[in-house]
Asks: 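The structure follows.
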Protein chains: 2
Amino acid sequence: MSKREGARNLQSKLRPIINYSLTDQVETKLLELFKKEDLRNGDAIPKENELCEAMGVSRTVIRESLTRLKTIVLIESKKNKGMILTEPDLLIGLDKLLQPKILSEETLQDMFEMRLVLEMGIAELLFARIKPSDIADLKAILKTEKDYPALFEMDFEARFHGRIYEIARNNTLVRFQSMLLPIFKYVHDKGLKLKDEELPKNYVTHALIVKAIETGNPEKYRDAMKRHLKIHFDKTIKMRKLLE
Amino acid sequence: MSKREGARNLQSKLRPIINYSLTDQVETKLLELFKKEDLRNGDAIPKENELCEAMGVSRTVIRESLTRLKTIVLIESKKNKGMILTEPDLLIGLDKLLQPKILSEETLQDMFEMRLVLEMGIAELLFARIKPSDIADLKAILKTEKDYPALFEMDFEARFHGRIYEIARNNTLVRFQSMLLPIFKYVHDKGLKLKDEELPKNYVTHALIVKAIETGNPEKYRDAMKRHLKIHFDKTIKMRKLLE
DNA sequence: AAAATATAATATGTAATACATAATACATAA
DNA sequence: TTATGTATTATGTATTACATATTATATTTT
């Protein structure tokens with residue numbers, strides 16, 4: 001039995017001890033408190049000093065825990081006013097993290113694919129909620145686009161596809177997809193370096209997608225979108241294989 | 001001109017001043033530093049004391065900024081070792097936030113829909129990557145399920161649908177969807193209270209979805225999944241109207 | 001000489017205290 | 001009655017000191 005194996009064997013008998021810092025414990029207790037007291041959006045929470053006394057730790061520790069919760073916008077603080085629970089923003093923090101440089105290749109790939117998945121899956125909601133005026137809006141966007149397929153003109157992409165989600169009336173998705181765009185561009189560009197691909201012959205432009213929306217149904221939309229995104233689907237499938 | 005209008009008029013001339021706290025500024029500077037120095041995953045960052053000196057602020061402020069970055073797992077710290085940049089976890093924090101009680105009805109609805117969108121949109125990746133052994137796995141899962149449609153048995157739902165994402169080989173999605181499940185259940189249950197709905201006659205079970213995967217294509221999968229989720233699609237469309 | 005053990009050095013974690021600052025409520029004067 | 005000044009309060013920032021865990025170095029033991 002090697003030294004390493006011996007250590008692992010011992011470990012299975014003893015289990016490594018985990019040391020939760022005071023801050024960790026306080027954070028947990030705070031979350032428990034909110035739950036137990038059934039505190040809602042807008043409700044005030046105890047003052048820092050009250051928390052210090054109640055838990056018997058320094059204000060330093062309390063404040064570090066609170067900072068964590070403020071970071072995810074679960075609470076907000078105002079001078080003299082105290083702190084309140086807030087409607088947390090699910091996407092907060094994400095914009096700080098969604099930078100190519102700090103994410104692994106695999107996660108980037110995951111997010112790239114996530115956008116593709118969303119574009120395809122939105123169809124049902126899109127058709128359930130679209131109004132005539134929405135079609136007009138989409139056509140207005142088309143007008144501003146150049147005639148040739150502006151495949152990677154981020155502005156156009158953002159505006160057009162963002163509008164799709166807006167029509168589907170899902171605000172979280174609207175914001176999410178706009179965050180994904182830079183990632184998408186990055187992954188795409190990186191893919192391009194591997195092999196310069198040309199547009200497929202039956203490439204579907206935004207205009208054709210609008211047509212599918214106007215005269216079609218979810219299936220037709222998906223068919224158009226799938227072909228619009230085909231180059232990306234091909235790319236991600238190829239690249240995922242490289243990662244393995 | 002009313003008092004309120006007057007204030008707004010003044011505001012347009014003066015613009016409200018925004019006061020970035022020291023912590024805010026330090027946080028920004030840190031992020032800039034990481035970018036400028038092109039620091040990557042695993043690279044060490046300066047010691048707390050070095051940062052204090054360099055920026056001329058107290059360790060308190062430095063530490064609060066660092067706490068924020070630690071919260072989103074952009075950096076990690078170890079005693080005596082110092083701090084390093086880490087591969088941040090996009091979904092961290094989300095599990096703290098994804099609790100029905102602290103999210104608004106609208107956001108909950110958004111997330112409910114997001115799951116539906118993902119289930120539908122995953123088809124292409126699913127079929128691009130599925131292997132024969134995956135089919136066998138799915139069938140094994142089916143065996144453990146009861147014969148009747150276990151529509152809201154969370155365990156079954158989680159296992160079955162989670163497996164779908166696993167087959168699609170997108171780990172972020174796997175984790176994301178498992179986080180969404182409690183939300184999904186909550187929103188669904190709340191919807192049930194409004195009106196007790198019965199299963200549609202042509203309800204599609206997991207078994208039928210597997211069949212669509214085994215013998216079909218993305219379109220057939222989506223057709224099956226759409227009918228499997230029909231009750232939920234109907235519900236969200238109805239409920240969104242209520243929110244308006 | 002090699003391996004195990006003790007010691008020192010270092011960077012983060014926690015505590016305590018003091019003061020700064022912004023927001024509110026209250027008091028005061030025109 | 002309204003605008004301005006003042007006090008109060010809770011969070012924000014600074015400073016200092018010490019605790020603790022990890023690494024590196026030195027020492028002892030075999």
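Quantities reported herein were computed from a predicted structural model and do not represent experimental measurements. Chain letters run A, B, ... following the sequence lines, proteins first, then strands; residues in each count from 1.
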Asks: May I ask you to verify whether the side chain of A/S58 and the base of C/dA16 hold a donor-acceptor pair under 3.5 Å?
Replies: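 There is none.
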
Asks: Please tell me which of the listed nucleotides, D/dA14, C/dT12, D/dG12, lies nearest to the side chain of B/S21?
Replies: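 Ranking D/dA14, C/dT12, D/dG12 by closest atom to the B/S21 side chain puts D/dG12 first.
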
Asks: Is any NZ, NE, NH1 or NH2 atom of the basic residue among A/D110 and A/R240 found under 4.0 Å from an Asp or Glu carboxylate oxygen of the other?
Replies: yes

Asks: Classify A/T60 by what it touches in the nucleic acid, base, sugar-phosphate, or nothing, heavy-atom distance under 4.0 Å.
Replies: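 A/T60: base contact, heavy atoms under 4.0 Å.
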
Asks: Whole angstroms only, please: what is the CG-P distance between A/L22 and D/dA21?
Replies: 11 Å

Asks: Would you say D/dT13 has OP1 or OP2 under 4.0 Å from some side-chain N or O of B/T23?
Replies: yes

Asks: Grab the NZ-C1' distance between B/K78 and D/dT23 for me, whole Å please.
Replies: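 About 12 Å, once rounded to whole Å.
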
Asks: Once you round it to whole Å, what is the distance between P of D/dA14 and CG of B/N49?
Replies: 14 Å

Asks: For the residue pair A/F112 and A/F184, does the interplanar ring angle fall in the parallel (under 30°), tilted (30 to 60°) or perpendicular (over 60°) class?
Replies: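 Parallel.
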
Asks: To the nearest Å, how far apart are A/I62 CD1 and C/dG13 C1'?
Replies: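 It is 15 Å, rounded to the nearest whole Å.
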
Asks: Would you indicate, yes or no, if D/dA10 has its OP1 or OP2 atom less than 4.0 angstrom from a side-chain nitrogen or oxygen of A/S77?
Replies: no

Asks: Report the stems of DNA chain C as range-with-range entries sorted by first number; a stem here is at least three consecutive pairs, Watson-Crick or G-U wobble, both distances under 3.5 Å, and write none if there are none.
Replies: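 Stems found: C:1-30 with D:1-30.
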
Asks: Using salt bridge (charged side-chain N to carboxylate O under 4.0 Å, His left out), reason through A/K29 and A/E32 one step at a time and then give a plain yes or no.
Replies: CA-CA 5 Å; A/K29 284 224 171 196; A/E32 283 171 10; 6.0 Å; no

Asks: Taking B/E64 first and then A/K70, would you say they form a salt bridge - that is, a charged N and a carboxylate O separated by under 4.0 Å?
Replies: no

Asks: Determine whether any donor atom in the side chain of B/N80 lies under 3.5 Å from an acceptor atom in the base of C/dA11, or the reverse, and answer yes or no.
Replies: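 Looking at the base of C/dA11, it does not pair with any donor or acceptor on the side chain of B/N80 (distance under 3.5 Å).
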
Asks: Check the pair B/L91 / B/T172 against side chain to side chain contact (heavy atoms under 4.5 Å, CB included), numbers first and verdict last.
Replies: CA-CA 8 Å; B/L91 302 181; B/T172 305; 4.1 Å; yes

Asks: In whole Å, what is the span from the CD atom of A/E64 to the C1' atom of D/dT13?
Replies: 16 Å

Asks: Between B/K81 and A/R59, which is nearer to the 5' end of DNA chain C once each is assigned its nearest nucleotide?
Replies: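 Result: B/K81.
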
Asks: Under a 4.0 Å N-O cut-off, is there an ion pair linking B/R68 with B/D24?
Replies: yes

Asks: Distance check: side-chain N/O of A/R63 vs OP1/OP2 of D/dT11, anything under 4.0 Å?
Replies: no

Asks: Could you state the atom-to-atom distance from CD of A/E48 to P of D/dT9 in whole Å?
Replies: 16 Å

Asks: What verdict does the side chain to side chain contact (heavy atoms under 4.5 Å, CB included) test give for A/L69 and A/L31, after you've listed the backbone C-alpha separation in whole Å, the side-chain angles of each residue and the deciding distance to 0.1 Å?
Replies: CA-CA 9 Å; A/L69 301 183; A/L31 292 174; 4.2 Å; yes

Asks: Rounding to a whole Å, what distance do you find between B/K47:NZ and C/dT12:C1'?
Replies: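 The answer, rounded to whole Å, is 10 Å.
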
Asks: Using heavy-atom distances to pick each residue's nearest nucleotide on DNA chain C, tell me which of A/V57 and A/K79 is more 5'.
Replies: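 Mapping each residue to its closest nucleotide by heavy atoms, the 5'-most match is A/V57.
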
Asks: Once you round it to whole Å, what is the distance between P of D/dT11 and CG of A/L69?
Replies: 14 Å

